[in-house]
Student: 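If you scroll down you'll find the structure; I have some questions about it.
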Amino acid sequence: MHSHFVLFELMALNIDIPASKWLSMVIDDLFGLLPSYGGIIAVTLIISFFIASTLNNVLKKRTLTLTTSSKAGVYGAAAIFGTAGAVGFFFMLAAMQPVLDVTLIAGARSQLGIAAQCIAGFASGITYSRLR
């Protein structure tokens with residue numbers, strides 16, 4: 001998401017970016033951001049999914065949600081973990097600014113960019129709920 005937002009901003013300045021350069025930049029960002037931003041994301045998701053798992057277990061015990069092997073349970077767990085991933089990403093991005101006094105992720109400097117990062121967190125949560 002970050003790479004694409006940066007590249008779209010460059011295109012808005014009428015800078016021509018060939019497809020090969022676009023792909024190269026995305027791959028470079030993927031591997032360049034993996035050690036730092038990837039680590040921050042990993043910690044964020046571990047905390048978020050721990051909270052979601054605890055919430056899911058409490059709701060299961062209280063039978064407030066169908067989080068068993070039924071289809072409704074699968075979708076309930078996916079919603080819980082997806083929401084946890086999105087909220088985790090939001091708090092992670094919000095915490096970076098006051099702690100580091102900079103928005104490290106250029107693709108998250110706009111409301112749309114933050115929303116895109118949160119959608120990535122939501123997708124991570126759904127994926128996690130399916131794999132667990």
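Residue numbers run from 1 in the order of the sequence given.
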Student: With a 4.5 Å limit on heavy-atom distance, are the side chains of F81 and S53 in contact?
Tutor: yes
Student: Please tell me whether I40 and I114 are part of a single hydrophobic cluster in this structure, the criterion being side-chain heavy atoms less than 4.5 Å apart.
Tutor: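 Yes.
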Student: With rounding to the nearest 0.5 Å, note down the distance linking CE in M25 to CG in L7.
Tutor: 4.5 Å
Student: Kindly compute the distance separating CG (L34) from CG (D29), expressed to the nearest 0.5 Å.
Tutor: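 Taking CG in L34 and CG in D29, the distance rounds to 11.5 Å.
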Student: To the nearest 0.5 Å, tell me how far I126 CD1 sits from I80 CD1.
Tutor: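 CD1 of I80 is found 12.0 Å from CD1 of I126.
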Student: Holding to ring-ring contact (aromatic ring centres under 6.0 Å, His included), I want the full list of residues that pass it with F91, two or more places apart in sequence or in another chain.
Tutor: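 In terms of ring-ring contact (aromatic ring centres under 6.0 Å, His included), with neighbours along the sequence ignored, F91 is linked to no residue.
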Student: At their closest point, which heavy atom of P35 faces which heavy atom of G32, and how far apart are they?
Tutor: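 Distance-wise, the nearest heavy atoms are CD-O, 3.6 Å.
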Student: Taking all non-hydrogen atoms of both residues into account, name the closest pair between G88 and S48 and its distance.
Tutor: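 The answer is CA-OG, 3.3 Å.
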Student: Starting at CE of M92, measure out to SG of C118 and round the result to the nearest 0.5 Å.
Tutor: 8.0 Å
Student: Relative to each other, are the rings of W22 and F8 parallel, tilted or perpendicular (30° and 60° limits)?
Tutor: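 W22 and F8: perpendicular rings.
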Student: Between A78 and S129, which heavy-atom pair has the shortest distance, and what is it?
Tutor: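 Taking A78 first and S129 second, the nearest heavy atoms are CA-OG, 3.2 Å.
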Student: Can you tell if the side chain of L45 reaches within under 4.5 Å of the side chain of F89, non-hydrogen atoms only?
Tutor: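 Side-chain contact under 4.5 Å: yes.
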Student: Listed by chain and number, what are the ring-ring contact (aromatic ring centres under 6.0 Å, His included) partners of F122, not counting sequence neighbours?
Tutor: none
Student: Indicate yes or no: at least one non-hydrogen side-chain atom of N56 is less than 4.5 angstrom from one of R132.
Tutor: yes
Student: Given side chains that start at C-beta, do those of V26 and L30 come closer than 4.5 Å, heavy atoms only?
Tutor: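 A side-chain contact is absent here, since even the closest heavy-atom pair is not under 4.5 Å.
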Student: Same cluster or not: I27 versus I17, using hydrophobic residues (I, L, V, M, F, W, Y) connected whenever any side-chain heavy atoms lie under 4.5 Å apart?
Tutor: no
Student: Do you reckon I41 sits in the same ILVMFWY cluster as F49, going by side-chain contacts under 4.5 Å, direct or chained?
Tutor: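 In one cluster with I41: F49, yes.
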